[in-house]
Enquirer: 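Pasting a structure here, questions to come.
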Amino acid sequence: SQQGEEDPQALSIQEGENATMNCSYKTSINNLQWYRQNSGRGLVHLILIRSNEREKHSGRLRVTLDTSKKSSSLLITASRAADTASYFCATPAGGTSYGKLTFGQGTILTVHP
Amino acid sequence: DTEVTQTPKHLVMGMTNKKSLKCEQHMGHRAMYWYKQKAKKPPELMFVYSYEKLSINESVPSRFSPECPNSSLLNLHLHALQPEDSALYLCASSLSALRGNYGYTFGSGTRLTVV
């Protein structure tokens, strides 16, 4: 089963608005990552937040992590049409499964000009 | 060079064909990965190579055969595929596979269609 589950499954907003996506996971993690995928193309790494961090910023992106609730959120501020994409959270498995990055179901974001 | 290059971008093959997907990176990353992605689904891990050795095989059918000739190259050999194997195949790399503490760099993928 997927480690990360995201909501909403789809989000439609106007340019200039903020977009918030949420991710929940089941087991303990040492970091959580967010990726963007434009239609039918490769994924782009956006941000990695470690388990001892609560918030991280990168440009118009703000990621929070609440390890007590096993959840994370990605906020995109002042969205642009170019932000239209699928967004995935991903968590690494620990133990002997080094390198096993598991992706959530993803949120499809549509930003209307 | 901060890219992962995958070739070909598109591939159509018959069920009796043998073909190979290629992946290359020159970032000095020591972990490389193959993922499979079906439409409207998240990527699913197939194989992990760490320091040129296969470290994870996610119970992938033997008609998919990975190979890591050196630290920069990763191949996926395909033989006797089924139509349900049609998907986007993504290659990725990271500095290390250790505890997944590094972000992945993905290639743009190979769109595979099996007829």
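In the text below, chain A, chain B and the rest are named by the order of the sequence lines, each starting its count at 1. What you see is a predicted model; the values in this text were computed from it and never measured.
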Enquirer: With rounding to the nearest 0.5 angstrom, report the OG1 to CG distance, A:Thr102 to B:Leu45.
Expert: 7.0 Å
Enquirer: Going only through I, L, V, M, F, W and Y residues with side-chain contacts under 4.5 Å, is there a path from B:Leu21 to B:Tyr33?
Expert: no
Enquirer: What about A:Leu109 and A:Leu61, same hydrophobic cluster or not, with Ile/Leu/Val/Met/Phe/Trp/Tyr joined at side-chain heavy-atom distances under 4.5 Å?
Expert: yes
Enquirer: For A:His45 and B:Tyr104, which heavy atoms make the closest approach, and how far apart are they?
Expert: CB-O, 3.5 Å
Enquirer: Would you say A:Leu11 ends up clustered with A:Val63 if hydrophobic residues are merged whenever their side chains have heavy atoms under 4.5 Å apart, either directly or through other cluster members?
Expert: yes
Enquirer: Is the number of heavy atoms from other residues, nucleotides or ligands under 6.0 Å of B:Met15 CE greater than 12?
Expert: no
Enquirer: Considering only heavy atoms and a distance below 4.5 Å, find which of B:Lys41, B:Glu58, B:Gln6 pairs most often with chain A.
Expert: B:Glu58
Enquirer: Please report the shortest heavy-atom distance between B:Leu88 and A:Gln37, naming the atom on each side.
Expert: CD2-NE2, 4.0 Å
Enquirer: I'd like to know whether NZ of A:Lys56 has more than 12 heavy-atom contacts from other residues, nucleotides or ligands below 6.0 angstrom.
Expert: yes
Enquirer: I need the minimum non-hydrogen distance between A:Gly104 and B:Pro42, along with the two atoms involved.
Expert: O-CB, 3.0 Å
Enquirer: Kindly check if the number of other-residue, nucleotide or ligand heavy atoms within 6.0 Å of NZ (B:Lys38) is above 12?
Expert: yes
Enquirer: What pair of heavy atoms forms the shortest contact from A:Leu101 to B:Tyr35, and how long is it?
Expert: O-OH, 2.7 Å
Enquirer: Are B:Phe47 and B:Val4 connected in a single hydrophobic cluster, I mean Ile/Leu/Val/Met/Phe/Trp/Tyr linked by side-chain heavy atoms less than 4.5 Å apart?
Expert: no
Enquirer: Got more than 12 heavy atoms from elsewhere within 6.0 Å of CZ, A:Arg80?
Expert: no
Enquirer: Counting neighbours of CZ on B:Arg30 that are heavy atoms of other residues, nucleotides or ligands and sit closer than 6.0 Å, is the number greater than 12?
Expert: yes
Enquirer: Tabulate, in ascending numerical order, the residues of residues 105-115 of chain B having at least one heavy atom closer than 4.5 Å to a heavy atom of chain A, or enter 'none'.
Expert: B:Phe106, B:Gly107, B:Ser108, B:Arg111
Enquirer: Indicate the atoms forming the closest heavy-atom contact of B:Pro43 with A:Leu43, along with that distance.
Expert: CG-CD1, 3.9 Å
